[in-house]
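Contents: one structure, followed by commentary.
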Amino acid sequence: MSLRIGDTAPDFTAQTTQGTLNFHEWIGDSWCILFSHPKDFTPVCTTELGYMAKLKPEFDKRNTKIVGLSVDPVDNHTAWSKDIEETQGAAPNYPMIGDEKLEVAKLYDMLPAELEGTAEGRTPADNATVRSVFIIGPDKKVKAMLVYPMTTGRDFNEVLRLLDSVQLTAKHTLATPVNWRPGEDLIIPPSVSDEEARKKYPEGFTTLKPYLRTVKQPS
């Protein structure tokens, strides 16, 4: 199946470094970041997993759970965690899904559904497309997706910024402009009339063009 923004994130049950995870149940009323890796003991992913461990308190503040996935057994993840802590200064403090049967990777359209076999004997290059980040809302819908090549480390500060934008625009009928950062002005979408905007934002807004109106970020 192909997966798009707005689709329901596929539910699954899997073994993780923190025990059995029933995905939708585990998300509960929280937001979720699911990010994937093609193989354990890969260099770029090692740096990413350590950084996410350090960044986890920021996601906690935003009512967002983190879960990683790698195309290898859970026992391998546990051994890898020691390397991550040694080299990055922090071990994963969130569950890591063991996907040795490639089930979740296929479910999330990161590998072809018709692909046969398991993780055994597969190289990182074989799983190069398992490099996705999914932002999933409390309604279990996919809100955003990012895909990176194996040779480019992901910018998880950008993932955090994207999460801030998605959460804000889910709460308010607004959009965020290019390079937006929390606290900066937002855009009133064309679907909101000037009359509606005056009611919503009595302190006023700026009209640059009839289709481009900016407003201060709501508190």
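Predicted, not measured: the structure shown is a model, and the values here were computed from it. The figures here come from the full heavy-atom set of this structure, side chains too, leaving out hydrogens, waters and symmetry mates.
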Please give me the minimum heavy-atom distance between [X] and [Y], naming the atom from each residue.
X: Val71; Y: Pro38; value: CB-O, 3.6 Å
X: Glu100; Y: Pro73; value: OE1-CA, 3.7 Å
X: Pro182; Y: Gln217; value: C-OE1, 3.6 Å
X: Leu163; Y: Trp31; value: CD1-CE3, 4.1 Å
X: Pro10; Y: Leu107; value: CB-CG, 3.4 Å
X: Tyr108; Y: Ala9; value: OH-CB, 3.4 Å

Distance in Å, [X] [atom1] paired with [Y] [atom2], rounded so as to fall on 0.5 Å steps:
X: Asp7; Y: Lys140; atom1: CG; atom2: NZ; value: 15.5 Å
X: Leu34; Y: Ile135; atom1: CG; atom2: CD1; value: 11.0 Å
X: Phe23; Y: Ile97; atom1: CZ; atom2: CD1; value: 6.5 Å
X: Ile187; Y: Phe205; atom1: CD1; atom2: CZ; value: 13.5 Å
X: Ile33; Y: Ile66; atom1: CD1; atom2: CD1; value: 7.5 Å
X: Thr176; Y: Asp185; atom1: OG1; atom2: CG; value: 12.0 Å

Exercise. Would you please test Phe156 and Phe35 for ring-ring contact (aromatic ring centres under 6.0 Å, His included) and show each step?
Key: CA-CA 10 Å; Phe156 285 108; Phe35 66 114; 5.4 Å; yes
Can you list everything that forms a salt bridge (charged side-chain N to carboxylate O under 4.0 Å, His left out) with [X]? Sequence neighbours excluded, please.
X: Asp75; result: none
X: Asp126; result: none
X: Lys209; result: none

Same cluster (ILVMFWY, side-chain, under 4.5 Å), [X] and [Y]:
X: Ile136; Y: Phe12; result: yes
X: Val44; Y: Val130; result: no
X: Leu160; Y: Trp180; result: no

Self-check item: Pairs involving residues 141-164, ordered by first then second residue, that meet side-chain hydrogen bond (donor to acceptor under 3.5 Å, both in side chains) (sequence neighbours left out)
Solution: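 For residues 141-164: Thr8-Lys141, His37-Arg154, Glu48-Arg154, Tyr51-Asn157, Arg62-Asp164, Asp139-Lys143, Glu158-Arg161.
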For a 4.5 angstrom cut-off between non-hydrogen side-chain atoms, does [X] reach [Y]?
X: Trp80; Y: Pro92; value: no
X: Arg131; Y: Met150; value: yes
X: Gln88; Y: Thr47; value: yes
X: Leu168; Y: Leu186; value: yes
X: Met145; Y: Ile5; value: yes
X: Leu115; Y: Arg122; value: yes
X: Pro218; Y: Leu174; value: yes

Quiz item: What residues form a side-chain contact (heavy atoms from CB on, under 4.5 Å) with Glu103, not counting sequence neighbours?
Solution: Asp99, Lys101
Quiz item: Of the options Leu21, Ile27, Asn22, which is the one that meets Glu25 in a side-chain contact (heavy atoms from CB on, under 4.5 Å)?
Solution: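 Running side-chain contact (heavy atoms from CB on, under 4.5 Å) over Leu21, Ile27, Asn22 with Glu25 returns exactly one hit, Asn22.
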Quiz item: Among Thr16, Leu69, Val67, Leu49, which residue meets the side-chain contact (heavy atoms from CB on, under 4.5 Å) test with Met96?
Solution: Leu49
Practice problem: For side-chain hydrogen bond (donor to acceptor under 3.5 Å, both in side chains), just list the numbers for Asp40 and His77, CA-CA rounded to whole Å, side-chain angles, deciding distance to a tenth of an Å, and then say yes or no. | Solution: CA-CA 7 Å; Asp40 289 7; His77 295 356; 2.6 Å; yes
Quiz item: If only atom types and distance count, is the side chain of Thr118 paired as donor or acceptor with the main-chain N or O of Glu120 below 3.5 Å?
Solution: yes
Quiz item: With no hydrogens and no angle check, is any side-chain donor or acceptor of Thr46 less than 3.5 Å from a backbone partner on Ile84?
Solution: no
Exercise. Give the C-alpha distance, both sets of side-chain angles, the deciding distance and a yes or no for side chain to side chain contact (heavy atoms under 4.5 Å, CB included) between Leu3 and Phe134.
Key: CA-CA 10 Å; Leu3 196 59; Phe134 300 90; 3.8 Å; yes
Which atom pairs, one a donor and one an acceptor, fall under 3.5 Å between side chains of residues 194-201 and the rest of the protein, sequence neighbours left out?
from   : atom 1 : to     : atom 2 : distance (Å)
Asp194 : OD1    : Arg213 : NH1    : 2.8
Glu196 : OE1    : Ser193 : N      : 2.8
Glu196 : OE1    : Ser193 : OG     : 3.3

Quiz prompt | Glu58 vs Lys61, salt bridge (charged side-chain N to carboxylate O under 4.0 Å, His left out): CA-CA, chis, key distance, verdict | solution = CA-CA 5 Å; Glu58 291 299 321; Lys61 291 177 188 176; 3.1 Å; yes
